[in-house]
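For reference, the structure discussed in these notes is given below.
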Amino acid sequence: MFKKGDQALLLKNPLDIQLGEFIPTGVKVITDVKDVRHIKGTSGQWVKIAEHDDWIDSTYFTQI
């Protein structure tokens with residue numbers, strides 16, 4: 001589980017490249033976290049990063 005302020009490695013772009021949306025992979029700082037264990041089909045946690053101010057499922061990241 002990630003915590004606010006953690007550094008994480010973004011493994012792949014979570015956005016729709018066909019729409020021209022892109023976040024470069026690499027080390028990111030987690031700016032916010034949300035517990036979504038009650039939503040089926042998710043990892044149970046969503047995170048925000050400075051480069052994108054919307055929720056991203058934590059499966060796109062690995063802890064470093």
Inset, instruction - Check step by step if side-chain contact (heavy atoms from CB on, under 4.5 Å) holds for D57 and W46. - result: CA-CA 4 Å; D57 196 278; W46 290 345; 3.4 Å; yes

Legend entry - Interatomic spacing from CD in E51 to CG in L15 - rounded to 0.5 Å: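 Spacing of CD (E51) from CG (L15) equals 11.0 Å.
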
Legend entry - Approximate separation, where rounding is to 0.5 Å, of I30 CD1 and I56 CD1: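 The CD1 atom of I56 is 8.0 Å from CD1 of I30, to the nearest 0.5 Å.
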
What's the shortest heavy-atom distance between [X] and [Y], and which atoms?
X: F61; Y: A8; result: CD2-CB, 3.9 Å
X: T31; Y: K4; result: O-CE, 3.0 Å
X: T25; Y: L10; result: CB-O, 3.3 Å
X: T62; Y: F2; result: C-CZ, 4.0 Å
X: N13; Y: E21; result: ND2-O, 3.2 Å

Inset, instruction - Mind running side-chain contact (heavy atoms from CB on, under 4.5 Å) on D6 and V33 for me, showing each step along the way? - result: CA-CA 10 Å; D6 281 353; V33 295; over 6 Å; no

Legend entry - Donor-acceptor contact present, side-chain D32 to main-chain K34, <3.5 Å: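 Side chain of D32 to backbone of K34: no pair is present.
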
Inset, instruction - Measure from the side-chain N and O atoms of Q63 to the backbone N and O of M1, and report whether any donor-acceptor pair falls under 3.5 Å. - result: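 Side chain of Q63 to backbone of M1: a pair is present.
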
Inset, instruction - Consider only side-chain heavy atoms of I, L, V, M, F, W and Y, link residues closer than 4.5 Å, and tell whether W55 and V36 are in one cluster. - result: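 Looking at the clustering, V36 is in the same group as W55.
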
Inset, instruction - Decide side-chain contact (heavy atoms from CB on, under 4.5 Å) for K28 and I23; before the verdict, give the C-alpha distance in whole Å, the side-chain angles of both, and the deciding distance to 0.1 Å. - result: CA-CA 10 Å; K28 308 296 179 187; I23 301 172; 4.2 Å; yes

Legend entry - S43 and T59 side chains, donor-acceptor separation under 3.5 Å: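 The criterion, which ignores hydrogens and geometry beyond distance, is not satisfied for S43 and T59.
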
